[in-house]
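First up is the structure itself, then whatever we jot down about it.
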Amino acid sequence: MDQDTGWSEYASGSTLGGEGSQGGIVVRDEGYRDNLRLTYEADEARSFHSITCGIAGWLRHPRFFDNADAAARAFEDMKPALEELGAKLTEGGPRSTADGQAVGHLLAAFVVRFS
């Protein structure tokens, strides 16, 4: 965790060791200002590593890796990009269809960059 940048353990660490949304065991789960989240799941028995990033009300995007080193690097690399994207979005999600359409290109660019 990096307390200096605002990222901290999500839900006081209560999710660690549980099954994640992608079917792995949650080994790292961090949140930023209650609206951004990065969850890292792993299952070494099947060389499975995933990172799911989310922006409350806007985005939930999983990425998959075949090794822990690549996943750990990606986890850190995604933090500033997720913060930047989150700063451009209305907190909690779009207020109207037009609101969502206005930033659709930003969401799409993020997903393409981190696929």
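Residue numbers run from 1 in the order of the sequence given.
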Is Leu107 close to Leu89 at the side-chain level, that is, under 4.5 Å between some pair of heavy atoms? yes

Let me check something: do Leu106 and Met78 share a hydrophobic cluster, defined by ILVMFWY side-chain heavy atoms less than 4.5 Å apart, either directly or through other members? yes

Output for pair (His61 NE2, Arg113 CZ), nearest 0.5 Å, gives 11.5 Å

Between the CG atom in Asp34 and the OG atom in Ser8, the distance rounded to the nearest 0.5 Å is 8.0 Å

Minimal heavy-atom distance between Pro62 and Arg60, with the atoms involved, is CD-O, 4.0 Å

CG of Asp77 to CG of Leu38, rounded to nearest 0.5 Å, is 11.0 Å

Heavy-atom nearest pair, Gly93 first then Asp99, reads O-OD2, 4.3 Å

query: Is there side-chain contact between Ser21 and Glu41, with heavy atoms separated by less than 4.5 Å?
result: yes

| query | Parallel, tilted or perpendicular: which describes the rings of Phe64 and Phe48, with under 30° parallel and over 60° perpendicular? | reply | tilted

Exercise. For Phe114, does its backbone N or O pair with a side-chain atom of Arg63 as donor and acceptor, under 3.5 Å?
Worked result: yes

Interatomic distance, CD@Glu19 vs CD1@Ile25, rounded to 0.5 Å, equals 6.0 Å

When every non-hydrogen atom of Ala42 is compared with those of His49, the smallest separation belongs to CB-ND1, 3.7 Å

- Message: If hydrophobic clusters are built from ILVMFWY residues whose side chains come within less than 4.5 Å, do Trp7 and Phe110 share one?
- Response: yes

| Is it true that Leu82 and Tyr32 fall in one hydrophobic cluster, defined by side-chain heavy atoms closer than 4.5 Å? | yes

### Lys/Arg N to Asp/Glu carboxylate O, Lys79 vs Glu83, below 4.0 Å
no

(Q) Run Arg37 and Thr15 through side-chain contact (heavy atoms from CB on, under 4.5 Å) and show every step you take. (A) CA-CA 12 Å; Arg37 184 175 175 191; Thr15 58; 4.0 Å; yes

Do Val103 and Trp58 come within less than 4.5 Å of each other through their side chains, counting heavy atoms only?
-> yes

>> If hydrophobic clusters are built from ILVMFWY residues whose side chains come within less than 4.5 Å, do Leu16 and Leu36 share one?
In response: no

Shortest non-hydrogen pair, Pro94 vs Gly100, comes out as CB-N, 3.7 Å

Rounding to 0.5 Å, atoms CD1 (Ile51) and CD (Glu76) come to a distance of 9.0 Å

Between the OG1 atom in Thr39 and the CZ atom in Phe75, the distance rounded to the nearest 0.5 Å is 7.0 Å

